[in-house]
Amino acid sequence: MKIFRDYSLLPHNTFGMDVKASVFIEYASVEELKKVLSLYVKDNQWLHIGKGSNLLFTGDFSGIILHSAIKGYEVIHEDTNEVVVRVGAGEVWDDFVAMTVENEWYGAENLSLIPGEVGASAVQNIGAYGVEVKDLIVGVEAIEVSTGKESIFKNEECGYAYRESVFKSSLKYQYLVTHVSYRLKKTPCYHLDYGNIRLELEKQKVRLTLANVRQAIISIREAKLPDPKLQGNAGSFFMNPVISREHFDALLVDYPLIPHYEVDAESIKIPAAWMIDQCGWKGKRLGRAGVHDKQALVLVNLGGAVGAEVIALSEAIQKSVYEKFGINILPEVNFI
């Protein structure tokens, strides 16, 4: 266990907000986490973070920041068709994806290069290019904050929906994830029809392999998304809204080429980035916060920005999109 006081959170949030935590505690095992909960958390304000890739700090945090350093991979089931891997919550998500590809296990490759850690993947239900992590998760191991009791949540108990889980809603702050188990396939199974994956594979003139699909995803993401080490950001700032088919049909009258994805017979998902771009925000700035010039879904710290500036920009974008399309877009990023 490591404990730091008056600790800079600059390395722990990809937006690059120069804020501090009164106390920062990193634990490396379930036993250490139980000790932290019993000794430090009970009567104090606290927050658990991963890589801080989905957070916007609006100021110093006058409490305890917790961070998992629980590591390790363990194959807990394997047959001719599939493998189930149990992973420590503190593992870097993309390192896990790379490991699955190296072992020729199919399923996680479309989620390549998503920032963050394994524990957060199960909380956020991360997704990209037609795949959501809920499609891979078998179970989530967690500790109840109030009692230190260990629990295992089966997939169907996690309440997964688009960027949603019980750990973000009804059980928020009640459980901390320690391990996640994922089911992966051992025979080829690709998801290539979302975005420009097929075009990227054709451009690279490579054959269809797991490693090449991962590299195509990485190339697409790197071309569109800024490196947080060079320009602070939290990736996709807004969630893609889901609207009724009736609303969508009305929009088609004025925007016949509006991009969309059918969720079900009554619901349509609209890319928030397209609407933001249509409102003229791509490449624009307010103060020291701006919209990335290659991907309108990404808000960036142009240097020295504070949380309030990013929030002001996000609210201005939300207002523009609603006025033009009648659609409310909601932040995917958590304001702290």
Side-chain angles (χ1 to χ4, degrees), residues 1-2 12 25-38 40-41 46-54 65-79 82-103 105-109 111-112 114-127 131-160 163-186:
M1 184 190 310
K2 298 177 181 177
H12 297 278
I25 302 177
E26 185 175 76
Y27 58 90
S29 67
V30 171
E31 291 70 27
E32 285 189 0
L33 173 55
K34 290 181 178 180
K35 186 176 180 180
V36 169
L37 294 177
S38 65
Y40 300 101
V41 166
W46 62 275
L47 175 70
H48 195 286
I49 66 172
K51 284 286 187 181
S53 58
N54 207 42
I65 294 286
L66 303 178
H67 180 255
S68 173
I70 296 177
K71 304 287 188 178
Y73 304 107
E74 178 188 4
V75 174
I76 58 176
H77 168 78
E78 186 171 9
D79 58 30
E82 64 183 29
V83 59
V84 177
V85 188
R86 178 176 181 258
V87 188
E91 290 284 357
V92 173
W93 170 256
D94 194 55
D95 290 348
F96 167 64
V97 177
M99 185 273 290
T100 67
V101 171
E102 289 169 6
N103 284 278
W105 297 336
Y106 296 78
E109 60 279 359
L111 305 179
S112 293
I114 292 179
E117 296 176 353
V118 160
S121 79
V123 174
Q124 300 287 347
N125 184 24
I126 59 173
V131 175
E132 289 182 302
V133 79
K134 71 176 179 61
D135 301 323
L136 308 177
I137 289 176
V138 176
V140 179
E141 297 172 46
I143 299 292
E144 188 173 25
V145 173
S146 62
T147 65
K149 179 184 176 183
E150 298 179 44
S151 297
I152 299 178
F153 293 82
K154 296 178 182 178
N155 182 292
E156 57 269 23
E157 297 174 311
C158 293
Y160 284 127
R163 302 297 181 271
E164 186 62 88
S165 75
V166 292
F167 309 110
K168 286 183 68 177
S169 54
S170 61
L171 298 182
K172 189 174 183 179
Y173 300 127
Q174 295 183 44
Y175 286 87
L176 296 179
V177 175
T178 61
H179 296 83
V180 186
S181 296
Y182 304 92
R183 178 181 286 111
L184 301 149
K185 297 184 183 299
K186 295 175 68 175

Find out whether V92 and K51 are in side-chain contact, i.e. whether some heavy atom of one side chain is under 4.5 Å from a heavy atom of the other.
yes
Any donor-acceptor pair under 3.5 Å from E91 side chain to A89 backbone:
no
Who passes ring-ring contact (aromatic ring centres under 6.0 Å, His included) against Y173, sequence neighbours left out?
W46
Evaluate side-chain contact (heavy atoms from CB on, under 4.5 Å) for Y175 paired with V140, printing each intermediate quantity in order.
CA-CA 11 Å; Y175 286 87; V140 179; over 6 Å; no
Search all heavy atoms of L111 against all heavy atoms of V131 and return the closest pair with its distance.
CD2-O, 3.4 Å
CZ on F167 to CG on N125, rounded to 0.5 Å:
11.0 Å
Spell out, as yes or no, whether a donor-acceptor pair under 3.5 Å connects the side chain of E157 to the backbone of K154.
yes
Looking at NE2 of H12 and CD1 of I65, how far apart are the two atoms once the value is rounded to the nearest 0.5 Å?
9.5 Å
Reported CD1-to-CG distance for the pair I143 and L176, which is rounded to 0.5 angstrom
8.5 Å
Residue pair W105 / M99, side-chain heavy-atom distance below 4.5 Å:
yes
Would the distance check show the side chain of W93 and the main-chain N or O of A120 forming a donor-acceptor pair, the cut-off being under 3.5 Å?
no
I want to check something: taking the side chain as every heavy atom from C-beta on, are E32 and E26 in contact at a cut-off of under 4.5 Å?
no
What one should report as the nearest heavy-atom pair of S112 and V97 is OG-CG1, 3.4 Å
Main chain of G127, side chain of R163: is a donor-acceptor contact present, judged purely on distance under 3.5 Å?
yes
Less than 3.5 Å apart, any donor N or O on the side chain of T100 or Y182 sitting next to an acceptor on the other?
no
So, do E74 and S181 sit near enough that their side-chain heavy atoms are less than 4.5 Å apart?
no
Check step by step if side-chain contact (heavy atoms from CB on, under 4.5 Å) holds for K134 and C158.
CA-CA 9 Å; K134 71 176 179 61; C158 293; over 6 Å; no
Rounded to the nearest 0.5 Å, what's the gap from CD on E132 to CD on E164? Could you check?
11.5 Å
Please state whether the rings of Y73 and F96 are parallel, tilted or perpendicular, taking 30° and 60° as the class boundaries.
parallel
Backbone N or O of V123 within a donor-acceptor pair of the S165 side chain at under 3.5 Å?
yes
Smallest heavy-atom separation, V133 atom then S121 atom, equals CG1-O, 3.2 Å
Residue that, paired with V145, satisfies side chain to side chain contact (heavy atoms under 4.5 Å, CB included) out of L37, L33, L66
L37
Decide side-chain contact (heavy atoms from CB on, under 4.5 Å) for K2 and H67; before the verdict, give the C-alpha distance in whole Å, the side-chain angles of both, and the deciding distance to 0.1 Å.
CA-CA 10 Å; K2 298 177 181 177; H67 180 255; over 6 Å; no
Is the shortest heavy-atom distance from the side chain of H77 to the side chain of R183 under 4.5 Å?
no
Gap separating the CG atom of D79 from the NZ atom of K186, nearest 0.5 angstrom
7.0 Å
Within a strict 4.5 Å, meaning less than it, do heavy atoms of the D94 and P115 side chains meet?
no
With heavy-atom distances below 4.5 Å as the criterion, would you say the side chains of N54 and Q124 are in contact?
yes
Positive for side chain to side chain contact (heavy atoms under 4.5 Å, CB included) with V30, one of E150, E141, K35:
E150
Decide salt bridge (charged side-chain N to carboxylate O under 4.0 Å, His left out) for E144 and K149; before the verdict, give the C-alpha distance in whole Å, the side-chain angles of both, and the deciding distance to 0.1 Å.
CA-CA 5 Å; E144 188 173 25; K149 179 184 176 183; 5.8 Å; no
